[in-house]
Asks: 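I am attaching a structure below and will ask some questions about it afterwards.
Since this is a predicted model, take the numbers as computed values, not measurements. Labels below follow one simple rule: chain letters A, B, ... track the order of the sequence lines, proteins then strands, and each chain is numbered from 1.
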Protein chains: 2
Amino acid sequence: MLKRERLLKIVDIVNKQGIITVNDIIHELNVSDMTIRRDLDELDKAGKLVRIHGGAQSITHAMDQELSHVEKLDVQVEEKTQIAALAASIVNDRDTVFLGPGTTIELLARHLLHKKIRIITNSYPVFEILTQSDTAEIMLIGGDFRKNTGTFVGPLVNSSLQKLNFTKAFISANGVHNEEISTYSIEEGEAHQIALNNSRSKYLLVDHTKFNREDFYVFYNLHDMDYLITDDKIRSDVQAHYEQYVEMQLPQKA
Amino acid sequence: MLKRERLLKIVDIVNKQGIITVNDIIHELNVSDMTIRRDLDELDKAGKLVRIHGGAQSITHAMDQELSHVEKLDVQVEEKTQIAALAASIVNDRDTVFLGPGTTIELLARHLLHKKIRIITNSYPVFEILTQSDTAEIMLIGGDFRKNTGTFVGPLVNSSLQKLNFTKAFISANGVHNEEISTYSIEEGEAHQIALNNSRSKYLLVDHTKFNREDFYVFYNLHDMDYLITDDKIRSDVQAHYEQYVEMQLPQKA
DNA sequence: ATATAAATAAACAAATACAAACACATGATT
DNA sequence: AATCATGTGTTTGTATTTGTTTATTTATAT
């Protein structure tokens, strides 16, 4: 039997069974254990299956288990969920909404799937979520793709954003320090800035850990924001301090 | 036995069996192993089969591994695979390539994953495939999203494309009728047109079923294309007719 | 936590497949 | 007839694949 034939068979079996042991395959195909192991490693590297100790899983099977895990990888999920829900309640039908990148905004996007609105974003994950909607009109601002953050940036993004006006813009940030709102990359900050300038109402979505922290590039002034939405774990003195700059919105304390 | 005769026989056997070893063919045809290997290499280069260690696979058999189930539902997959393979061989490292929408182009994108090139596209499926590459630099031209075709269109796309120049542009179409190349939507056609105008070399990728068919919007003239790549199922009189307009490229007939 | 068994990785050896170079044969071209 | 291109087989060295052996790591049960 050809090697390729064997590999195909293994993938078939794994896809059918979901999960399989090395010994299962040995009995099925009559080759040595090391060959199977080498096959599984190769198929794993090729993305055809997921190698596990003692055998392998099909891609879908592995994803089922990991999905909850991945979602938990993010920090402050609970707080961000709160923020997203509150922000979503502000969006009305017929709004033209800009959504920036970031996990908080992704959670917000999930809430907007069934609204009759127009959504513009430069974030690939946000866009992916929005493609599931059948009521919202979606526009992705494309340009250079930053694979690590899943964001589109650069001159093409900036010049496209210049041409558009929004009723509401939702932006997240890495740091809020007095009046300064900052993020880790100049290019992303520039896009944020343009989107905010062209929006009637400007919303900053940050969880409580972002306050009194600075990041590399300052892209906006808190004075010029209309609302800041955060979670209820914020310290009251911090909240009091920042209320001099901008109107803050928090979910009801339970 | 003539060489041509032997090659045809090999293709026949492979297509019937799906997968075959070099030794199988030796016993069947009574020639030396090296001759068979040379034959298989030749047939592989011509896109008639896929060479693997120890033997060969038929095109369809090889696709079973690479293509998702949805993609297999597409019509003329085999022809489009041929076209995509041929087109991919034209792309060199350091090219700046534009890829339009369409399943043929999606197949082409798979072939480009490991090249050191810059790729620009306005097709979401193409972009999704390309995100798997770690050698290619990717740019998605964003704008209004057409969910049914997965394509970005509209003024934002057009003005972005105006700013970019490509070394090679690969475009598909729904109909080719004499000099007229047509597609089903004005907006997509406009984007095609701009991309082609800004490309040094212009390639039209259409399978044989698209000839002498018209669609709604004529977006380009065959005269202004540099190359037309199609499959070998095209009728020779049709081929002869269209060769007056443009240089045609077909995979080698065995 | 420690001991035990299972699974794995690494190194090696044998078999098989392969690629390149060469030589010979055939048939076409001049 | 001499020359050339093409196709084929042979030889030789290389690369790939596979199984075996030996450590090492990982899982599991006490």
Side-chain angles (χ1 to χ4, degrees), chain A residues 1-59 61-62 64-66 68-69, chain B residues 1-59 61-62 64-66 85 89 113-114 232 250-254:
Chain A
M1 181 189 304
L2 250 37
K3 183 193 171 188
R4 192 57 153 277
E5 222 172 338
R6 198 181 57 235
L7 293 180
L8 255 184
K9 242 171 203 161
I10 293 175
V11 173
D12 266 4
I13 298 172
V14 171
N15 279 335
K16 201 152 51 187
Q17 304 210 8
I19 192 165
I20 201 170
T21 71
V22 172
N23 284 327
D24 287 344
I25 314 178
I26 291 174
H27 292 132
E28 187 85 27
L29 301 179
N30 230 50
V31 280
S32 80
D33 55 343
M34 271 318 295
T35 302
I36 297 295
R37 294 206 179 88
R38 284 188 274 244
D39 286 352
L40 293 182
D41 289 345
E42 195 178 327
L43 290 169
D44 174 274
K45 207 161 5 169
K48 303 283 182 191
L49 48 74
V50 177
R51 185 81 164 85
I52 55 177
H53 191 91
Q57 283 177 305
S58 75
I59 297 284
H61 193 268
D64 286 346
Q65 301 189 320
E66 206 177 334
S68 53
H69 186 64
Chain B
M1 181 189 302
L2 254 42
K3 184 190 173 191
R4 176 62 68 82
E5 204 178 336
R6 196 181 57 235
L7 292 180
L8 277 175
K9 230 168 207 167
I10 292 175
V11 173
D12 258 12
I13 299 172
V14 171
N15 280 335
K16 201 154 51 189
Q17 305 210 7
I19 193 165
I20 201 171
T21 71
V22 172
N23 285 328
D24 286 345
I25 313 178
I26 291 174
H27 292 131
E28 188 85 27
L29 301 180
N30 231 51
V31 279
S32 80
D33 55 343
M34 272 318 296
T35 301
I36 297 296
R37 293 205 180 89
R38 285 189 273 245
D39 287 352
L40 292 182
D41 289 345
E42 194 178 327
L43 290 169
D44 174 272
K45 210 167 349 174
K48 291 293 174 186
L49 47 74
V50 177
R51 185 78 163 87
I52 57 179
H53 192 94
Q57 285 175 298
S58 74
I59 297 277
H61 195 269
D64 282 351
Q65 304 160 64
E66 300 195 10
S89 69
L113 284 175
H114 302 299
D232 62 8
L250 279 74
Q252 309 277 351
K253 292 226 186 204

Asks: Does a salt bridge link A:Asp33 with A:Arg37, judged by any charged N lying under 4.0 Å from a carboxylate O?
Replies: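 Result for this pair is yes, salt bridge flagged.
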Asks: Quick one: closest heavy-atom pair of B:Val14 and B:Ser58, and the distance?
Replies: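 For B:Val14 and B:Ser58, the tightest heavy-atom pair comes out as CG1-N, 3.2 Å.
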Asks: In whole Å, I'd like the distance from the CG atom of B:Leu40 to the P atom of D:dG7.
Replies: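 Computing the B:Leu40:CG to D:dG7:P distance gives 16 Å.
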Asks: What's the verdict on side chain to side chain contact (heavy atoms under 4.5 Å, CB included) for A:Lys9 and A:Met1, showing C-alpha distance, side-chain angles and the deciding distance?
Replies: CA-CA 11 Å; A:Lys9 242 171 203 161; A:Met1 181 189 304; 3.7 Å; yes
Asks: Restricting to non-hydrogen atoms, name the atom on A:Ile59 and the atom on A:Gly47 that form the minimum distance, rounded to 0.1 Å.
Replies: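 Minimum heavy-atom separation between A:Ile59 and A:Gly47: CD1-O, 3.2 Å.
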Asks: With DNA chain D as reference, determine whether A:Leu2 or B:Met1 sits nearer its 5' end, using the nearest nucleotide of each.
Replies: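 It is B:Met1 whose nearest nucleotide is closer to the 5' end.
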Asks: Name every residue in residues 7-20 of chain A that has at least one heavy atom under 4.0 Å from any atom of DNA chain C, in order of residue number, or write none if there are no such residues.
Replies: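 The answer is none.
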Asks: On a heavy-atom basis, which atom in B:Ile20 and which in A:Leu2 lie closest, and how many Å separate them?
Replies: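 Of all heavy-atom pairs spanning B:Ile20 and A:Leu2, the closest is O-CD2, 3.6 Å.
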Asks: Rounded to whole angstroms, how far apart are CG on B:Asp39 and P on D:dT6?
Replies: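 Spelled out: CG on B:Asp39 to P on D:dT6 is 16 Å.
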Asks: Give the rounded distance in Å between these two atoms: CD1 of B:Ile36 and C1' of D:dT8.
Replies: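 In whole Å, D:dT8 C1' and B:Ile36 CD1 are 11 Å from each other.
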Asks: Send over the distance from A:Leu29 CG to D:dG19 P, rounded to a whole Å.
Replies: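 Roughly 11 Å, once rounded to whole Å.
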Asks: If only side-chain N and O atoms of A:Thr35 are considered, is one of them under 4.0 Å from the OP1 or OP2 phosphate oxygen of D:dG19?
Replies: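 Yes, such a contact exists.
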Asks: So for A:Arg38 and D:dG19, does any side-chain atom that can act as donor or acceptor lie under 3.5 Å from a complementary atom in the base?
Replies: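 Answer is yes: a donor-acceptor pair is held.
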Asks: Below 3.5 Å between N/O atoms, which protein atoms pair up with nucleotides 5-9 of chain C? Just atom names and distances, please.
Replies:
| residue | atom | partner | partner atom | Å |
| --- | --- | --- | --- | --- |
| C:dA7 | O3' | A:Gly54 | N | 3.0 |
| C:dT8 | OP1 | A:Arg51 | NH1 | 3.0 |
| C:dT8 | OP1 | A:Arg51 | NH2 | 3.3 |
| C:dT8 | OP1 | A:Gly54 | N | 2.4 |
| C:dT8 | OP2 | A:Arg37 | NE | 2.7 |

Asks: Applying salt bridge (charged side-chain N to carboxylate O under 4.0 Å, His left out) between A:Arg51 and each of A:Asp39, A:Asp41, A:Asp44, report the one that passes.
Replies: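 Among the candidates, only A:Asp41 passes.
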Asks: Are the charged groups of B:Lys48 and B:Asp232 less than 4.0 angstrom apart, N to O?
Replies: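 Between B:Asp232 and B:Lys48 there is a salt bridge, with a charged N closer than 4.0 Å to a carboxylate O.
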Asks: In whole Å, I'd like the distance from the CD1 atom of B:Ile26 to the C1' atom of D:dT10.
Replies: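 Result: 14 Å.
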Asks: Where do B:Leu40 and B:Ala56 come nearest, in terms of heavy atoms and distance?
Replies: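 Answer, listing the atom of B:Leu40 first, then B:Ala56: CD2-CB, 4.0 Å.
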Asks: Can you name the nearest heavy-atom pair linking A:Leu8 to B:Gln57, along with the distance?
Replies: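 Between these two residues, the closest heavy atoms are CD1-NE2, 4.2 Å.
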